[in-house]
Asks: 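First the structure, then my questions, so here it is.
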Amino acid sequence: MRLEVHSTSPETVDTPLMVVPVTSDRTLERVGELSRLDRVIGGVASRAASAGDFRGRGTDRVLGYRVGAEGPARVLFLGVGSSESLTPEKVRGAAGEAVRAAEGHRVSSLSFCLGHLGAGAGSGLAQAAAEGLVLGAWRFDELKELAGPEPEGAGGEKSAPRVESASLIGSSSPEWREAVRVGHAFAGGENLARTLQARPGNVATPSHLAAEAVRIAKEVGLGSEVLGPAEMEAEGMGALLSVARGSDQEPRLIVLRHRGGRPGEAPLVLVGKGLTFDAGGISLKPAKGMEDMKYDMSGGAAVLGAMRAIGQLGLSANVTGVVPSSENLLNGSATKPGDVVRSRAGKTIEVINTDAEGRLILADALHYAAGWNPAAIVDCATLTGACVIALGHHRSAVLGSDDALVEELRGAGDAAGEPCWPLPLDAEYRRQLDSDFADLKNVGGRAGGTITAACFLSEFVGSAPWAHLDIAGTAYGKTKKPYLRNGPAGNPCRLLLEWVRARVAA
Ligand code: BES
Ligand code: MN
Ligand code: ZN
């Protein structure tokens, strides 16, 4: 999507659709711009206001059509509640709804007006608006063949015109332009993550993810490195290899490097689980809902999307993205329950359940990353069903060895509208991983499943400050957000980006 920034008076803009968020305290009669916009549509909104139908409440909407010859063809006022409670997330939502409205009216461009929100309309809201517009415009139709002219009466998504461009009406100050540039890149990275997530397992294989990563690296000027089975063997990555053994698809370990910091400056490392299809292995999953296990690479997708945005923006930090990628299937060579495998760290692992494979591929990836002496490692993974039980679909879990880092991630999640919530990582939980036959088991029983999974990971990060995001409940699903569609959410791509940006600013 193309985004422009303007400081024009909204009532003079020639656009098929002007969308205007309105707070309950700065309503039409109080704000000159709003009453002038209302005049363009013949005063429909002020009449709705006198009837009590439009007071800027979160569910209030008024649509009007241009009466004269000048100004927007349509004006859509969206109530967003009180100015006090106006958050970036609400603006993201309003911007997403604006795109949905444009689609509904079958127009390919729109304007979104923010300037009238007054002093509150800082650059944070401009960033959020840019994000909502770009995220709202994402769709996945690359596998639908029946494109072309719309058959009579069909209302398929593919036939609705794409919203190609949007103008943000408010300020054109350098701060605003910068905020929109950042929001555009963040949401673009997240959209890339969503596209990779949406691709089915027979398209998005480990080698496909690696090829995409290399393409991204070329596009935005990142360094890239891809390890295959031979290199993994040489590196002693027996845990990662033990998962891949059950599949015909070769595993890959993808590394992308952004060098925006001083040479030699310790890197921030982002690690994402890139399990392109999780059937469970010999510990086979039940059939119901198994198709969703194509999303088991969501962490990896978020990291690739974040790395593209970091490269695009040229953030002043050294950031390395790492994505261990494999399938988890079953064949005659597959790892069996009870098998003992040797990780890169040298620790031996008794594989009790082959469905606890994410921690195995992450173990070797984290240990590889820990060797770079990083300033911090953050991993994200659709790691445990237990996390969905604990926190549902509205928050990721965050666990880590470093309280300050956990707090940073909480702040970044709140800023991004991708919130997370801490779970403890006390030493007591580690005992659930004690094995009679190896250094540790890969499962710790049903109790505290998200915590014992994180305990397992913590064994492989050395002394680096590290935190883990369990995104099993938040990476995809029927998310009811105006700027998302059902399916892949890209979460926590923007959380990671907000975190890196806060680190750069600090
Ligand atoms: N990828 C799954 C976790 C998952 C479950 C993600 C549901 C999204 C939705 C992971 O590899 C897995 O299978 N975990 C097991 C671990 C168990 C065997 C200890 C789980 O959560 O059941
Ligand atoms: Mn699994
Ligand atoms: Zn998995």
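It should be emphasised that the depicted structure is a prediction, and the values quoted were computed from it without experimental measurement. Indexing begins at 1, ligand by ligand and atom by atom, following the structure's order. If you read the sequence from its start, that first residue is 1, and numbering goes on from there.
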Asks: Would you please name every residue forming a salt bridge (Lys or Arg N to Asp or Glu O under 4.0 Å) with Asp402, sequence neighbours left out?
Replies: none
Asks: What protein N/O/S atoms sit under 2.8 Å from the Zn ion (ligand 3), by chain and number?
Replies: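 Listed by chain and number: Lys273 NZ, Asp278 OD2, Asp296 OD2, Glu357 OE2.
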Asks: Indicate yes or no: at least one non-hydrogen side-chain atom of Lys273 is less than 4.5 angstrom from one of Arg359.
Replies: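 No, side chains not in contact.
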Asks: What do the steps show when you test Glu418 against Arg395 for salt bridge (charged side-chain N to carboxylate O under 4.0 Å, His left out), and what is the final call?
Replies: CA-CA 7 Å; Glu418 296 183 330; Arg395 281 184 189 263; over 6 Å; no
Asks: Does the Asn486 side chain pair with the main chain of Gly477, one donor and one acceptor, at a distance under 3.5 Å?
Replies: no
Asks: Kindly indicate whether the side chain of Val378, heavy atoms from C-beta on, has any atom under 4.5 Å from the side chain of Val271.
Replies: no
Asks: Examine Arg410 relative to Trp499 and say whether NZ or CZ is less than 6.0 Å from the centre of the six-membered ring and inside a 45° cone about the ring axis.
Replies: no
Asks: Consider only side-chain N and O atoms of Trp421 and Ser396, and report whether a donor and an acceptor are under 3.5 Å apart.
Replies: no
Asks: Please check if atom CZ in Arg215 has more than 12 non-hydrogen atoms from other residues, nucleotides or ligands closer than 6.0 Å.
Replies: yes
Asks: Around the Mn ion (ligand 2), list the protein N/O/S atoms within a radius below 2.8 Å, excluding water molecules.
Replies: Asp278 OD2, Asp355 O, Asp355 OD1, Glu357 OE1
Asks: Short N or O contacts of ligand 1 with protein, under 3.5 Å, listed by atom name?
Replies:
{"unit_1": "ligand 1", "atom_1": "1 (N)", "unit_2": "Lys273", "atom_2": "NZ", "d": "3.3"}
{"unit_1": "ligand 1", "atom_1": "1 (N)", "unit_2": "Asp278", "atom_2": "OD2", "d": "3.2"}
{"unit_1": "ligand 1", "atom_1": "1 (N)", "unit_2": "Asp296", "atom_2": "OD1", "d": "2.8"}
{"unit_1": "ligand 1", "atom_1": "1 (N)", "unit_2": "Asp296", "atom_2": "OD2", "d": "3.0"}
{"unit_1": "ligand 1", "atom_1": "1 (N)", "unit_2": "Thr382", "atom_2": "O", "d": "3.2"}
{"unit_1": "ligand 1", "atom_1": "11 (O)", "unit_2": "Lys273", "atom_2": "NZ", "d": "3.3"}
{"unit_1": "ligand 1", "atom_1": "11 (O)", "unit_2": "Asp278", "atom_2": "OD2", "d": "2.9"}
{"unit_1": "ligand 1", "atom_1": "11 (O)", "unit_2": "Asp355", "atom_2": "O", "d": "3.1"}
{"unit_1": "ligand 1", "atom_1": "11 (O)", "unit_2": "Glu357", "atom_2": "OE1", "d": "2.8"}
{"unit_1": "ligand 1", "atom_1": "11 (O)", "unit_2": "Glu357", "atom_2": "OE2", "d": "2.9"}
{"unit_1": "ligand 1", "atom_1": "13 (O)", "unit_2": "Lys285", "atom_2": "NZ", "d": "2.9"}
{"unit_1": "ligand 1", "atom_1": "13 (O)", "unit_2": "Asp355", "atom_2": "O", "d": "3.0"}
{"unit_1": "ligand 1", "atom_1": "13 (O)", "unit_2": "Asp355", "atom_2": "OD1", "d": "2.8"}
{"unit_1": "ligand 1", "atom_1": "13 (O)", "unit_2": "Asp355", "atom_2": "OD2", "d": "3.1"}
{"unit_1": "ligand 1", "atom_1": "14 (N)", "unit_2": "Leu383", "atom_2": "O", "d": "3.4"}
{"unit_1": "ligand 1", "atom_1": "21 (O)", "unit_2": "Gly385", "atom_2": "N", "d": "2.7"}

Asks: Under 3.5 Å, is there a donor-acceptor pair linking the side chains of Gln197 and Ser298?
Replies: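 A donor-acceptor contact under 3.5 Å links the two side chains.
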Asks: Under 30°, 30 to 60°, or over 60°: which ring-plane class applies to His468 and Trp466, parallel, tilted or perpendicular?
Replies: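 Answer is parallel, since the angle falls under 30°.
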Asks: Side chains of Asp439 and Thr348: do they bring a donor and an acceptor to under 3.5 Å?
Replies: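 Checked: Asp439/Thr348 side chains pair up, N/O donor to acceptor below 3.5 Å.
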Asks: Quick one about Thr450 and Thr384 (side-chain donor to acceptor, distance below 3.5 Å, no hydrogens or angles considered), yes or no?
Replies: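 Side chains of Thr384 and Thr450: pair found under 3.5 Å.
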Asks: With salt bridge (charged side-chain N to carboxylate O under 4.0 Å, His left out) as the test, would you mind laying out the steps for Arg252 and Glu250 before giving the verdict?
Replies: CA-CA 7 Å; Arg252 293 287 184 266; Glu250 288 186 357; 3.0 Å; yes
